[in-house]
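One structure is given here, and the rest of the page talks about it.
In each ligand, atom 1 is the first atom listed, and ligand 1 is the first ligand listed. Below, each value reflects all heavy atoms present in this structure, side chains not excepted, and no hydrogens, waters or symmetry copies.
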Amino acid sequence: MGAQAKLGAFRLPPLPTIGEIIKLFGLRAQKQLSQNFLLDLRLTDKIVRKTGNLKNAHVYEVGPGPGGITRSILNAEVANLLVVEKDTRFIPGLQMLSDAAPGKLRIVHGDVLTFKLEKAFPEHLQRKWEDDPPSVYIIGNLPFSVSTPLIIKWLENISKRDGPFIYGRTQMTLTFQKEVAERLTANTGSKQRSRLSIMAQYLCKVQHSFTIPGRAFVPKPEVDVGVVHFTPLVQPLINQPFKLVEKVVQSTFQFRRKYCHHGIGILFPQADRSKNTEKMLMLADVDPTLRPAQLSILHFKNLCDVYRKMCDEDPNLFTYNFRDELRQNKSKKRVKDTDGDND
Ligand SMILES: C[S@@+](CC[C@H](N)C(=O)[O-])C[C@H]1O[C@@H](n2cnc3c(N)ncnc32)[C@H](O)[C@@H]1O
């Protein structure tokens, strides 16, 4: 049976190499679009292997470019692969792959930041959130300028269980600049601990699968690349709306080298800042002299829960913006100084 399955296994027929495809279709990487291609099929196979068992799975690849990772996904015997690529120059090369794997590859010319995955795959794939993850996977090696806003958008989708997560706890394997990959996976107290660590880890199990040296890409980027695997958690570690968590986390990391009470303080208008900061830290049981990087996810959970209560008591609090108040104070001061000059 095993041998038979092996005999029947799908492999793409012999095709021009990715390097030849690049030459054939004149696909010079556009530096301004941060296009860096992976030509080594051992590495693209490794990305796919780290994603999971893709046999009969439905896969969404973002930014396929000349199609290196695309080939490895097709060779993993997926049921269906949907690729979304923004640059039309890549479409003929991808079409060649589609012809070599009849009925398996769907090509969309579009933008991953706006593409709606909700209706792309059959409804029967949907799993309950508490169940094992569905047989739907996202894979992408995107420009770094796209991958960071995209992961924030998808994390928000996870918190609402919509977008690509209407199928359940869809798993993702994405590449980031190595430093960003380290921030995404950083533990409490580590140097790389940041806003991204909390936002990703309160919603997902995040693993830095491996690092690809910059020299493996053509053209070679300035930095190494981290491959990161995300599995949404059954129970998020913080049970508050995404935007509220984002505000608390962003404010706390505003002054990352100072004690955490400085950042937490900017959640409150200046008039009652000290009193409210003290109250929030006391109720959340957080030591004000810890640095932001030393706070655990449990600390952030407590901070978000207390901030939520304070917002419920004062409906104007959530919309308070520290920068707006700073700007207003500055312009009031300018008016006062000008009045003084005129006296
Ligand atoms: C870093 S290259 C990687 C290409 C290919 N995945 C590889 O590993 O060789 C990024 C690819 O994403 C595409 N891309 C960039 N922004 C995109 C967007 N917003 N939507 C869809 N594709 C995008 C680029 O045109 C390019 O093909």
Side-chain angles (χ1 to χ4, degrees), residues 12 15-51 54 59-76 78 81-98 105-117 120 137-154 157 163-164 172-178 180-181 209-228:
L12 283 167
L15 287 165
T17 64
I18 296 291
E20 285 162 353
I21 291 271
I22 289 173
K23 278 204 192 115
L24 192 64
F25 294 104
L27 304 176
R28 247 177 3 108
Q30 300 208 346
K31 237 188 162 163
Q32 69 275 28
L33 293 181
S34 306
Q35 290 177 338
N36 309 97
F37 305 136
L38 263 179
L39 272 50
D40 183 342
L41 290 188
R42 281 168 310 179
L43 281 173
T44 56
D45 280 348
K46 190 169 175 185
I47 294 177
V48 169
R49 260 198 324 274
K50 294 283 179 183
T51 302
L54 298 191
V59 182
Y60 174 44
E61 190 198 355
V62 290
I69 300 175
T70 320
R71 289 181 185 211
S72 296
I73 300 171
L74 289 169
N75 278 331
V78 295
L81 169 60
L82 169 68
V83 296
V84 174
E85 171 57 59
K86 195 173 176 180
D87 185 339
T88 49
R89 296 177 308 140
F90 294 112
I91 305 297
L94 293 168
Q95 194 53 54
M96 187 184 263
L97 282 183
S98 174
L105 176 60
R106 285 183 287 161
I107 305 163
V108 172
H109 170 226
D111 188 328
V112 298
L113 291 167
T114 50
F115 182 77
K116 298 221 179 309
L117 196 65
Y137 295 84
I138 298 176
I139 302 183
N141 172 31
L142 281 165
F144 305 135
S145 57
V146 180
S147 52
T148 304
L150 190 63
I151 191 62
I152 291 290
K153 178 175 142 79
W154 280 343
N157 288 140
M172 307 183 273
T173 302
L174 302 168
T175 60
F176 297 88
Q177 183 176 335
K178 184 172 161 248
V180 177
S209 300
F210 63 105
T211 301
I212 307 178
R215 63 173 184 279
F217 293 84
V218 179
K220 178 180 170 304
E222 303 287 304
V223 290
D224 292 340
V225 172
V227 179
V228 183

Backbone, side chain, both or neither: what part of V146 comes under 4.0 angstrom of ligand 1, heavy atoms only?
side chain
Looking only at heavy atoms, is any part of L113 under 4.0 Å from ligand 1, and if so is it the side chain, the backbone, or both, or is it neither?
neither
Please answer whether the main-chain N or O of [Y] pairs with a side-chain N or O of [X] as donor and acceptor at a distance below 3.5 Å.
X: E85; Y: G65; result: yes
X: N36; Y: V218; result: no
X: E20; Y: T17; result: yes
X: H109; Y: K86; result: yes

Say you draw a straight line from [atom1] of [X] to [atom2] of [Y]; how long is it, rounded to the nearest 0.5 Å?
X: K50; Y: K46; atom1: NZ; atom2: NZ; value: 6.0 Å
X: L12; Y: N75; atom1: CG; atom2: CG; value: 4.5 Å
X: L174; Y: I47; atom1: CG; atom2: CD1; value: 10.0 Å

Please could you name the atoms of ligand 1 that [X] approaches to less than 4.0 Å, counting only its heavy atoms?
X: F37; answer: 4 (C), 9 (O)
X: D111; answer: 18 (C), 19 (N), 20 (N)
X: F90; answer: 25 (O), 27 (O)
X: V84; answer: 21 (C), 22 (N)
X: G110; answer: 20 (N), 21 (C)
X: I69; answer: 8 (O)
X: D87; answer: 25 (O)
X: N36; answer: 1 (C), 2 (S), 3 (C)

Check each of G140, P221, P143, G63 against atom 15 (C) of ligand 1 and report the one with the nearest heavy atom.
P143
Going by the closest heavy atom to atom 22 (N) of ligand 1, which one wins out of K86, H109, E61?
K86
F37 side chain near N141 side chain, heavy-atom distance below 4.5 Å:
no
4.0 Å heavy-atom contact, G68 with ligand 1
no
If we only consider heavy atoms of L142, is any one of them less than 4.0 Å away from an atom in ligand 1?
yes
Name of the residue among I73, T70, V83 meeting side-chain contact (heavy atoms from CB on, under 4.5 Å) with L97
T70
